[in-house]
Amino acid sequence: MNLDEFFRLIYLRIRAELGLGRSIETPGKRFLPQQTKNETEVTENRPIPPKVAAPVALCLVVPASVVENVRENSPIDVSGIEKLIDNSLYFLCTTPEDADATWELLDRTDDEDITTVSEQREVYVRINIAEGEDMIGKKVPYILKRNLPSNGQGVVRQLACLKYLSVSGLENFNRI
């Protein structure tokens, strides 16, 4: 093979890889033009399924003084969620199913009224947030707040006072 044939072969390979020419074959190798994503979608004629927004469960342990205006089954806006994140002692953002399992493991006092407990007591707050899948698994509060969805509306699903100095059930949480 002389130098002109070598450069022509290289030229044809590059054109084939860029999708500018027909396929070429060399001993042991075959180069085909690559299809772009749009060409694949058009030729296969299949619609792209829309992204399904899955709700996430933001689980926080905060001092009782921070939850004075938070009520179970009530909506909470972005600023309220950010305030809770900023004051959290422990946090976990996960799927609602995993949050249900975590709830069962917590050492909590179900008979106490959160509005009357000492301000230093720890309170578990679970907030369900629609379209917050980018928050799942985050380990830094700043990243958690940054990934809050723009609409940021959540619903407080669970609120409970934890037993004094209990860390039972908090093993999967991130500690601040």
Side-chain angles (χ1 to χ4, degrees), residues 34-41 44 46-176:
Q34 294 178 345
Q35 288 183 320
T36 63
K37 185 176 181 182
N38 291 339
E39 290 173 343
T40 304
E41 291 170 3
E44 292 178 4
R46 286 187 287 159
I48 298 172
K51 186 177 178 181
V52 178
V56 299
L58 177 60
C59 306
L60 305 164
V61 175
V62 297
S65 60
V66 180
V67 294
E68 57 193 38
N69 295 324
V70 178
R71 299 289 170 254
E72 205 165 330
N73 297 316
S74 298
I76 185 169
D77 61 8
V78 173
S79 63
I81 295 171
E82 288 177 341
K83 178 184 174 189
L84 290 173
I85 292 171
D86 286 337
N87 290 285
S88 66
L89 306 167
Y90 297 88
F91 68 91
L92 175 68
C93 193
T94 186
T95 63
E97 294 79 21
D98 288 344
D100 290 338
T102 299
W103 173 256
E104 297 302 322
L105 297 174
L106 290 174
D107 198 7
R108 58 189 192 276
T109 58
D110 293 326
D111 57 339
E112 283 189 88
D113 181 13
I114 292 172
T115 58
T116 62
V117 298
S118 166
E119 292 181 351
Q120 286 78 34
R121 288 292 297 276
E122 295 175 342
V123 175
Y124 170 83
V125 181
R126 173 180 164 183
I127 303 167
N128 283 2
I129 303 171
E131 300 176 11
E133 54 274 346
D134 291 338
M135 299 172 63
I136 292 179
K138 301 305 181 224
K139 301 196 179 296
V140 179
Y142 168 76
I143 304 294
L144 206 59
K145 291 191 314 184
R146 186 183 73 190
N147 288 337
L148 270 169
S150 57
N151 65 2
Q153 189 70 19
V155 177
V156 178
R157 284 292 170 218
Q158 293 169 323
L159 201 57
C161 202
L162 298 179
K163 288 189 178 173
Y164 189 66
L165 295 177
S166 173
V167 291
S168 179
L170 300 177
E171 295 84 5
N172 294 329
F173 282 67
N174 300 294
R175 184 174 181 172
I176 306 228

**Prompt:** Under a 4.5 Å cut-off applied to non-hydrogen side-chain atoms, are V67 and I114 in contact?
**Reply:** yes
**Message:** With side chain to side chain contact (heavy atoms under 4.5 Å, CB included) as the criterion, how do L58 and I85 come out once you've worked through the C-alpha distance, each side chain's angles and the decisive distance to 0.1 Å?
**Reply:** CA-CA 9 Å; L58 177 60; I85 292 171; 4.0 Å; yes
**Complete:** Interatomic distance, CZ@R157 vs OG@S74, rounded to 0.5 Å, equals 9.5 Å
**Message:** Once rounded to the nearest 0.5 Å, what's the spacing between atom CD1 of I81 and atom CG of L144?
**Reply:** 9.5 Å
**Request:** Determine, step by step, whether V125 and Q158 satisfy the side chain to side chain contact (heavy atoms under 4.5 Å, CB included) criterion, reporting the C-alpha distance in whole Å, the side-chain angles of both residues, the deciding distance to 0.1 Å, and the verdict.
**Result:** CA-CA 6 Å; V125 181; Q158 293 169 323; over 6 Å; no
**Prompt:** Is the backbone N or O of K83 less than 3.5 Å from a side-chain atom of N87, with the two atoms forming a donor-acceptor pair by type?
**Reply:** yes
**Request:** Without swapping roles, check the side chain of S88 against the backbone of L60 for a donor-acceptor pair under 3.5 Å.
**Result:** no
**Message:** I want to check a possible cation-pi pair here: R108 against W103, using under 6.0 Å from ring centre and within 45° of the ring axis as the test.
**Reply:** yes
**Prompt:** Which heavy atom in Y124 sits nearest to a heavy atom in C59, and how many Å separate them?
**Reply:** OH-SG, 3.3 Å
**Request:** Please examine the side chains of K145 and D86, heavy atoms only from C-beta on, and report whether any two atoms are closer than 4.5 Å.
**Result:** yes
**Prompt:** Measuring from L105:CG to L170:CG, what's the distance to the nearest 0.5 Å?
**Reply:** 9.5 Å
**Asked** Stepwise, does the side chain to side chain contact (heavy atoms under 4.5 Å, CB included) test hold for I136 with T95?
**Response** CA-CA 7 Å; I136 292 179; T95 63; 4.2 Å; yes
**Item:** Atom of D77, atom of Q153 and distance for their closest heavy-atom approach
**Value:** CA-OE1, 4.1 Å
**Item:** M135 side, atom CE; F91 side, atom CZ - distance, nearest 0.5 Å
**Value:** 9.5 Å
**Asked** Would you say the side chain of P55 lies within less than 4.5 Å of the side chain of I129, judging by non-hydrogen atoms?
**Response** no
**Prompt:** From N128 CG over to I76 CD1, what is the distance, rounded to the nearest 0.5 angstrom?
**Reply:** 12.0 Å
**Fill in**
Looking only at heavy atoms, the pair that brings A57 and A99 closest together is CB-CB, 3.5 Å
**Item:** Minimal non-hydrogen separation, P141 against I176, with atom names
**Value:** CG-CD1, 3.2 Å
**Asked** Are any of the side-chain heavy atoms of L89 and V62 separated by less than 4.5 Å?
**Response** no
**Request:** Look at the side chain of E171 and the backbone N and O of G169, then say whether any donor-acceptor pair between them is shorter than 3.5 Å.
**Result:** yes
**Prompt:** CG/D107 to NZ/K163 distance, rounded to the nearest 0.5 angstrom?
**Reply:** 4.5 Å
**Prompt:** With a 4.5 Å limit on heavy-atom distance, are the side chains of L106 and S168 in contact?
**Reply:** no
**Request:** Indicate the ring-plane relationship of Y90 and F173, choosing parallel, tilted or perpendicular according to the 30° and 60° boundaries.
**Result:** perpendicular
**Item:** Heavy-atom side-chain proximity of L84 to V66 below 4.5 angstrom
**Value:** yes
**Prompt:** Considering only heavy atoms from C-beta outward, does the side chain of V61 approach that of L162 to under 4.5 Å?
**Reply:** yes
**Asked** Under the salt bridge (charged side-chain N to carboxylate O under 4.0 Å, His left out) rule, what pairs show up with a residue in residues 112-128, not counting sequence neighbours?
**Response** D100-R126, E112-R121
